[in-house]
Structures are given as structure tokens and as C-alpha cells.
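Here the structure comes first, spelled out in C-alpha cells, and everything after it is commentary.
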Amino acid sequence: MKIHLNIESELQQIEVHIHAPEYNEAVEQLMKRLNQQSPSNHIAGYKDSDIHLLQIHEVFSIYSENGKVYLQTDDDEFEAKNKLYELENRFEQQYIRINKATLVNMKKIISIQSKVLGNPQVVLANDATIPVSRNYLKSLKEALGLGGTTK
């Protein structure tokens with residue numbers, strides 16, 4: 001691995017460019033480490049023609065619908081320009097996937113309702129109920145310290 005440092009006074013912030021012959025595990029690990037070094041606690045949300053800088057702790061859920069990704073706050077909904085999996089990787093400490101299309105803020109979960117018929121649901125602090133896929137139920141319970149056992 002070669003490392004080059006270029007000091008350019010006209011830059012406003014640090015930029016990191018990775019040049020590699022292929023995308024492999026070493027590149028992926030390097031990108032993860034770089035992202036962990038500069039954690040951001042906010043995300044851009046787009047509504048109409050405005051860009052809102054949202055604190056990540058204000059976002060209750062992040063979901064994908066019709067090819068777009070949305071950020072749900074207590075009183076509004078914004079579009080994100082990121083892919084769902086990118087946000088999942090970026091905020092893996094705060095958010096957990098509960099179904100194929102939805103991530104929820106673990107600190108905003110009030111309860112997990114078990115339905116006699118059908119899938120369980122997560123109830124968030126803003127009273128939103130979101131279905132939990134059985135494929136993600138065990139990891140959700142483990143992330144919340146509930147042991148991950150299902151009935």
C-alpha cells in the first residue's frame with residue numbers, strides 16, 4: 001500500500017481518495033475505519049426544494065419505498081439521497097434493520113408487540129407501528145438485550 005499526502009491550502013476540509021485496482025475486503029475495511037474516525041451525527045434530509053440538516057438522534061426510522069429512502073422524524077418526513085444499506089452501515093450503532101425496507105432508531109423503540117396471527121410490530125415513541133420480519137426479530141432482541149429467543 002502506498003500513502004501519499006498532498007497539502008492544498010485551497011481545500012476547505014480533508015478529502016480522502018482511495019485508488020485501488022479492485023474493490024476487495026481490504027478496501028472495504030479501510031473505508032469502514034475511515035468512516036469510524038469521522039462519525040457524523042447528522043444527515044441531510046430533502047423536502048420540497050429545501051435541505052434540512054437533521055440530527056441523527058431525531059430520526060425515528062429510515063425506510064425505503066418505491067426506490068427512494070425516507071427519514072421519519074417526530075413531526076415530518078424527508079427524503080435522503082443515500083441508499084438504505086449505506087445508512088445502515090453508517091449508523092449501525094444507533095439503528096437496526098427490522099425488515100427488508102426499514103431501519104429504526106433503537107433509542108426510540110417503546111415496545112415490541114407480539115401478534116397472535118402475523119408478524120410482531122415495533123412501536124416507536126412517535127406512536128408509529130412498524131412490522132418486524134421474523135428474519136430480523138432475533139437480531140433485534142439481541143441488540144436490545146432481550147436474549148433473542150422467540151416463542
Side-chain angles (χ1 to χ4, degrees), residues 1 3 12-20 22-48 50-151:
M1 179 185 315
I3 299 175
Q12 303 263 325
Q13 62 184 359
I14 296 173
E15 292 182 12
V16 177
H17 300 262
I18 300 172
H19 301 270
E22 65 180 359
Y23 186 83
N24 57 27
E25 189 173 333
V27 173
E28 184 175 342
Q29 293 299 320
L30 179 60
M31 290 182 65
K32 282 184 180 179
R33 281 194 304 230
L34 288 169
N35 283 329
Q36 289 173 351
Q37 295 299 316
S38 58
S40 174
N41 59 353
H42 40 307
I43 185 169
Y46 298 81
K47 185 164 181 132
D48 302 322
D50 298 332
I51 302 171
H52 300 262
L53 198 56
L54 305 172
Q55 295 291 325
I56 195 62
H57 66 83
E58 295 175 336
V59 177
F60 285 72
S61 67
I62 304 170
Y63 68 94
S64 175
E65 186 175 274
N66 298 325
K68 294 185 177 183
V69 175
Y70 298 96
L71 309 167
Q72 181 189 46
T73 64
D74 191 25
D75 44 297
D76 219 339
E77 212 168 77
F78 302 88
E79 187 177 336
K81 299 296 183 190
N82 308 79
K83 303 280 187 211
L84 190 63
Y85 73 88
E86 293 172 338
L87 295 175
E88 181 179 26
N89 290 336
R90 183 174 167 194
F91 300 115
E92 64 186 346
Q93 300 298 316
Q94 299 105 324
Y95 288 79
I96 187 156
R97 187 178 291 265
I98 61 167
N99 61 46
K100 184 178 177 182
T102 310
L103 307 173
V104 295
N105 185 333
M106 288 187 279
K107 292 185 178 178
K108 302 290 185 182
I109 296 174
I110 298 298
S111 66
I112 301 173
Q113 296 178 341
S114 296
K115 298 290 181 181
V116 175
L117 298 172
N119 289 342
Q121 296 180 346
V122 164
V123 179
L124 301 178
N126 64 350
D127 292 327
T129 58
I130 305 169
V132 179
S133 167
R134 296 204 185 276
N135 294 337
Y136 295 100
L137 184 59
K138 182 177 179 182
S139 61
L140 171 64
K141 286 183 174 184
E142 287 173 351
L144 296 174
L146 302 174
T149 58
T150 57
K151 290 184 179 180

Between [atom1] of [X] and [atom2] of [Y], what distance do you get to the nearest 0.5 Å?
X    : Y    : atom1 : atom2 : value
Q94  : K107 : CD    : NZ    : 7.5 Å
Y70  : Y46  : OH    : OH    : 14.5 Å
T129 : I110 : OG1   : CD1   : 13.0 Å
K47  : I51  : NZ    : CD1   : 15.0 Å
I130 : I109 : CD1   : CD1   : 8.5 Å
L71  : Y63  : CG    : OH    : 9.0 Å

Only counting residues at least two apart or in another chain, list the ones meeting ring pair (Phe, Tyr, Trp, His ring centres under 6.0 Å) with H52.
F78

Within-4.5 Å side-chain heavy-atom neighbours: [X] and [Y]:
X    : Y    : value
N119 : V132 : no
I112 : L144 : yes
R90  : I56  : no
F91  : L103 : no
L140 : V122 : yes
K83  : V69  : no
K108 : N126 : no
P120 : R134 : yes

Looking at every heavy atom in both [X] and [Y], which two are closest together, and how far apart are they?
X   : Y    : answer
L54 : G45  : CD1-CA, 4.2 Å
S61 : V104 : CB-CG1, 4.1 Å
E22 : V27  : O-CG2, 3.7 Å
Q93 : M106 : O-CE, 3.3 Å
I96 : S139 : CD1-O, 3.5 Å

Begin from the C-alpha positions of I43 and N82 and carry the test side chain to side chain contact (heavy atoms under 4.5 Å, CB included) through to its verdict.
CA-CA 10 Å; I43 185 169; N82 308 79; 4.2 Å; yes

Would N99 and T102 count as having a side-chain donor-acceptor pair, cut-off 3.5 Å?
yes

Quick check: are there more than 12 heavy atoms from other residues, nucleotides or ligands sitting under 6.0 Å from CD of E25?
no

Walk me through it: do V59 and Y95 pass the test side chain to side chain contact (heavy atoms under 4.5 Å, CB included)?
CA-CA 10 Å; V59 177; Y95 288 79; 3.2 Å; yes

Closer than 3.5 angstrom, by distance alone: can the side chain of S111 be matched with the main-chain N or O of Q113 as a donor-acceptor pair?
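Not a single qualifying donor-acceptor pair exists.
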
